[in-house]
Amino acid sequence: MPTPSCEKRGVGGQGASSASLFLQGRFRPPYGKRQVKGTWAWKLMSMMEGYPAIAQIMSNHDELAIFRRFRELNMLNLLYSQAEIIHLEAELKSLREVDKSHPERDFHHRDWWSLAYSQEDGNKEQWQKVLEIRKKLEAYNNRLAQQVFLTRLEAPNPYDLAFLRDWFERPNMGNFPLRGPDQEAWNKESETDLLAIRRRSHEDPFSSWFIDTVIPKFHRVFGSRIKKPIPEAPLSEIAHYPEKALLTAVNILGTLIASLLPISSIIILYFITNTVVQLGVAVAFTATFSICLILLTQAKRIEIFAATSAFAAVQ
């Protein structure tokens, strides 16, 4: 997972908030030297440009594979296809009525072979229309299935979208790699129309807060001194923190909190002699326990209610 930054930067003049975390040049090779055109460092930085550069970062980090879903255009395309098929359906019904009224073709609706393979002039119009509709239906059904699939893909994580926007702008990263209108595909105006091939999501609100807020601040204060840039882009200053390790740390922290809360409440209540104060403290600990369940777990409402009731009973 590329880590986010606390800087405020825009992309393409949109004034978007940045979510990219950088190393402030501490490990930028060659160390302490300015990059000169023609050196190996300059060639490395210039090796990937434009679409290949975007494809490289998206292929290395699936959560950054963010694209437009073109929801409105897809719906418009489906509507046009639907209208086209409806008109063809009306034409087919008309041809069917014509064949029914013809003495030599009134059995076409009961005999598929004569409908499809009749050699007489005028006998094939209905079947040719069926074949035309078949092609249109196949294309329409494929588009419809593709649209159903697209609607199931989630929007990108705001953290990752902001990182990608900042990557586009940074001179030592994307450096505005696209020059055509498609450079605006990730702008604010298109934000509600974006999808992520693999959205990075967290199991609970606490994990999201820890990874998207605490880790960037940690990197800004301490991590940038020891964390090196990603190998595929050593000049980019992008740091990478393995998400699995971060989630493990979150799980350990959550387990500690879950184990300490009951013990803490028992110890504190033991030293309180005033009954009213005891009740107040018990209510506070019970509320804290239920809030921790909401923030640290994926427990359902009934499970939170049951666990909170058990916790209150122990006190």
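- Side-chain contact between L131 and K135: absent, with no pair of heavy atoms (C-beta onward) separated by less than 4.5 Å.
- L195 has its side chain out of reach of F70: every pair of non-hydrogen atoms, C-beta onward, lies at least 4.5 Å apart.
- Contact annotation: the side chain of L153 never approaches that of I197 to less than 4.5 Å [non-hydrogen atoms, C-beta and beyond].
- Between Q82 and H87 the shortest side-chain heavy-atom distance does not fall below 4.5 Å.
- Using a 4.0 Å cut-off between charged side-chain N and carboxylate O, K129 and E132 make a salt bridge.
- Between A282 and L269, the shortest heavy-atom contact is N-CD2, 4.2 Å.
- Between I272 and Q278 the shortest heavy-atom distance is O-NE2, 2.5 Å.
- Under the rule for a side chain to side chain contact (heavy atoms under 4.5 Å, CB included), S59 has no partner lying at least two apart in sequence or in another chain.
- Between L64 and D160, the closest heavy-atom pair is CD2-O, 3.6 Å.
- For E191 and R68, the salt-bridge test fails: no basic side-chain N is under 4.0 Å from an acidic carboxylate O.
- L164 and Y51 fall within a single hydrophobic cluster, where Ile, Leu, Val, Met, Phe, Trp and Tyr side chains are chained together by heavy-atom contacts under 4.5 Å.
- In this structure the side chain of L88 reaches within 4.5 angstrom of the side chain of E91, judged on heavy atoms.
- Once rounded to the nearest 0.5 Å, the distance linking CG of N274 with CG of L279 reads 9.0 Å.
- In this structure, the side chain to side chain contact (heavy atoms under 4.5 Å, CB included) partners of Y80, at least two apart in sequence or on a different chain, are L76.
- Using a distance-only test at 3.5 Å, with no hydrogens or angles considered, no donor-acceptor pair links the side chain of S94 to the main chain of A90.
- A donor-acceptor contact shorter than 3.5 Å links the side chain of N141 to the backbone of L137.
- The two residues W186 and L178 have their closest heavy-atom pair at CZ3-CD1, 3.9 Å.
- For the residue pair Y140/N77, the side-chain donor-acceptor check at 3.5 Å is not satisfied.
- Side-chain contact between P156 and R199: absent, with no pair of heavy atoms (C-beta onward) separated by less than 4.5 Å.
- Residues Q126 and R96 have side chains in contact (heavy-atom distance under 4.5 Å, counting atoms from C-beta outward).
- Tracing side-chain contacts under 4.5 Å through hydrophobic residues (I, L, V, M, F, W, Y), one never reaches I266 starting from I263; they form parts of separate clusters.
- Considering every non-hydrogen atom in both T192 and R71, the closest pair reads O-NH1, 3.2 Å.
- Tracing side-chain contacts under 4.5 Å through hydrophobic residues (I, L, V, M, F, W, Y), one reaches I257 starting from V214; they form part of the same cluster.
- When atom types are taken as modelled, the side chain of Q183 and the backbone of G180 share a donor-acceptor pair closer than 3.5 angstrom.
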- Message: One pair to check against side chain to side chain contact (heavy atoms under 4.5 Å, CB included): F67 and M58. What are the steps and the verdict?
- Response: CA-CA 10 Å; F67 299 92; M58 287 184 174; 3.7 Å; yes
- Task: Could you check L247 against F210 for side chain to side chain contact (heavy atoms under 4.5 Å, CB included), going step by step and ending with a plain yes or no?
- Result: CA-CA 9 Å; L247 291 175; F210 182 81; over 6 Å; no
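- Of the inter-residue distances, the one linking D166 atom CG with L161 atom CG reads 11.5 Å to the nearest 0.5 angstrom.
- Between E84 and K136 a salt bridge is recorded (basic side-chain N to carboxylate O distance below 4.0 Å).
- Annotation: side chain to side chain contact (heavy atoms under 4.5 Å, CB included) contacts of R152 (sequence neighbours excluded): V148.
- Here the closest heavy-atom approach between residue N74 and residue Q147 is recorded as CB-OE1, 3.0 Å.
- Annotation: side chain of S265 is not in contact with side chain of V281 (no heavy-atom distance under 4.5 Å).
- Taking CZ from F163 and CG from N157, the interatomic distance works out to 12.5 Å, rounded to the nearest 0.5 Å.
- Just one of N187, I54, I57 meets the side-chain contact (heavy atoms from CB on, under 4.5 Å) condition when paired with F168; it is I54.
- Residue I85 holds its CD1 atom at 8.5 Å from CD1 of I133, rounded to the nearest 0.5 Å.
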